[in-house]
Amino acid sequence: MEGTRRNFLKKSAILGVTGATLPGIAFGATKPEEIIKTDTSIRPKVLFFDVNETLLDLTAMKKSVGNVLNGRSELLPLWFTTMLQYSLVSTVGRQYNDFGIIGAAALQMVAANHGIKVTEKEAREAILEPIRSLPAHPEVKDSLKALKEAGYKLVSFTNSSNKGVQTQFENAGLIEYFDERLSIEDIGKFKPHTDAYDWAARKMGVNPSECLLVAAHGWDIAGAIWAGWRAAFISRPGAQLYPLAPKPEINENDLALTVRKLMALK
């Protein structure tokens, strides 16, 4: 009897561990059709826009960061993913720092790993100065104007600070197109944490299914869809969707093509 009891407990423990580490097997993974139930032929009540790369051209900042890395432009993707990684580390650890400050810290880390000496001051200057005056992508202003005239409510939603995005929009001439500017600075949790999308929807007084995010980052699109939002992906050069996330309803090369599809909605 004692041996039988031990075997039962051992099997139960194994199943318990399996259930904890493999929820798709034990509890059923969330399926795309369980997330997306909205009629995608109707207009969302609010269009949310990511800012950097989606609306603003990052070429100048990439050049500045590349210069600090001794011209090692191949390290730029690693720098960006490290910045994103540590923004999420901060969120999980219940900490908050300005996204640009995290970016500067990530730049120092990448530089150090490749034998390049970069001071904190140099790292911050390489990011924070050029990012304030980034130009909009060529098609952005006309696209936003068309959406505005069509009656859409436009809201920017960014991981950057409130002051930072205001400065960016003033310098890029985008202020007039947006009804509201939202920054995760107000909740201290970076996208793609689900709480960030939930907060933005509540802030605008709409349900998640009535929100549509326009973004050029696969991780942002995935986060929005997992939070019950609709999404439109702008596949800027180097941008890719996350294969393990549900596909967005719109996937185009630039904002102008995306706008055509949004304008066709009822």
Side-chain angles (χ1 to χ4, degrees), residues 44 46-67 73 76-77 79-80 83-84 98-100 103 125-185 190-191 200 204 211-221 224 229-241 248 250-264:
V46 181
L47 291 179
F48 292 84
F49 289 80
D50 176 57
V51 176
N52 294 313
E53 196 64 86
T54 301
L55 300 176
L56 303 180
D57 186 347
L58 297 182
T59 300
M61 188 186 70
K62 290 177 180 178
K63 182 178 180 181
S64 176
V65 171
N67 288 340
S73 59
L76 290 173
W79 161 67
F80 186 82
M83 174 170 61
L84 181 62
D98 181 285
F99 200 47
E125 288 178 350
I127 296 169
L128 299 178
E129 290 187 8
I131 202 171
R132 296 187 185 110
S133 55
L134 297 172
H137 286 289
E139 83 285 3
V140 165
K141 289 184 181 180
D142 286 344
S143 298
L144 294 176
K145 181 181 178 182
L147 290 171
K148 193 79 172 169
E149 290 176 348
Y152 271 109
K153 189 167 194 174
L154 310 184
V155 177
S156 63
F157 182 32
T158 178
N159 276 346
S160 298
S161 67
N162 286 300
K163 182 179 179 181
V165 75
Q166 179 180 344
T167 302
Q168 286 181 309
F169 277 10
E170 287 173 348
N171 290 335
L174 299 183
I175 285 280
E176 64 184 287
Y177 300 109
F178 289 90
D179 298 282
E180 190 82 41
R181 296 188 304 273
L182 299 184
S183 165
I184 62 85
E185 179 183 23
F190 288 99
K191 296 185 295 177
M204 298 311 300
C211 305
L212 186 145
L213 176 72
V214 180
H217 303 290
W219 52 267
D220 206 356
I221 294 293
W229 288 28
R230 298 164 64 181
F233 179 60
I234 301 181
S235 55
R236 303 283 187 200
Q240 294 291 332
L241 288 168
I250 297 174
N251 183 349
E252 295 293 349
N253 293 329
D254 62 31
L255 186 56
L257 295 172
T258 301
V259 166
R260 291 182 190 176
K261 292 191 174 180
L262 291 172
M263 298 284 276

Shortest non-hydrogen contact from [X] toward [Y]:
X	Y	result
A60	L134	CB-CD2, 4.3 Å
Q168	I131	NE2-O, 2.9 Å
M61	W79	CE-CH2, 3.6 Å

Completion exercise
The reported gap from CZ in F157 to CG in L213 (rounded to nearest 0.5 angstrom) is 8.0 Å
Handout entry: Nearest-0.5 Å distance that lies between atom OG in S64 and atom CG in L58
Key = 12.0 Å
Handout entry: S183 (side chain) donor-acceptor with S160 (main chain) under 3.5 angstrom
Key = yes
Handout entry: Exam field: side chain S156 to backbone F49, donor-acceptor pair closer than 3.5 Å
Key = no
Practice task
Mind checking side-chain contact (heavy atoms from CB on, under 4.5 Å) for K261 and listing every partner two or more places apart, or none if nothing turns up?
Solution key: I250, E252
Exercise for the section: Name all residues meeting the side-chain contact (heavy atoms from CB on, under 4.5 Å) criterion together with A256; count only those two or more places apart in sequence or in a different chain, and write none if there are none. Expected result: E139, S143, D254
Problem - With sequence neighbours excluded, residues passing side chain to side chain donor-acceptor pair (under 3.5 Å) with N159 - result: none
Problem - Non-neighbouring partners of S73 that pass side chain to side chain donor-acceptor pair (under 3.5 Å), sequence neighbours left out - result: none
Fill in the blank from the handout: For F169, the ring pair (Phe, Tyr, Trp, His ring centres under 6.0 Å) test, sequence neighbours excluded, returns F178
Acceptor/donor pairs from residues 144-151 side chains to any protein atom, 3.5 angstrom cut, sequence neighbours excluded:
from, atom 1, to, atom 2, distance (Å)
K148, NZ, D179, OD1, 2.8
K148, NZ, D179, OD2, 3.1

Handout entry: Option passing side chain to side chain contact (heavy atoms under 4.5 Å, CB included) with R260 (candidates L262, T258, L257)
Key = L257
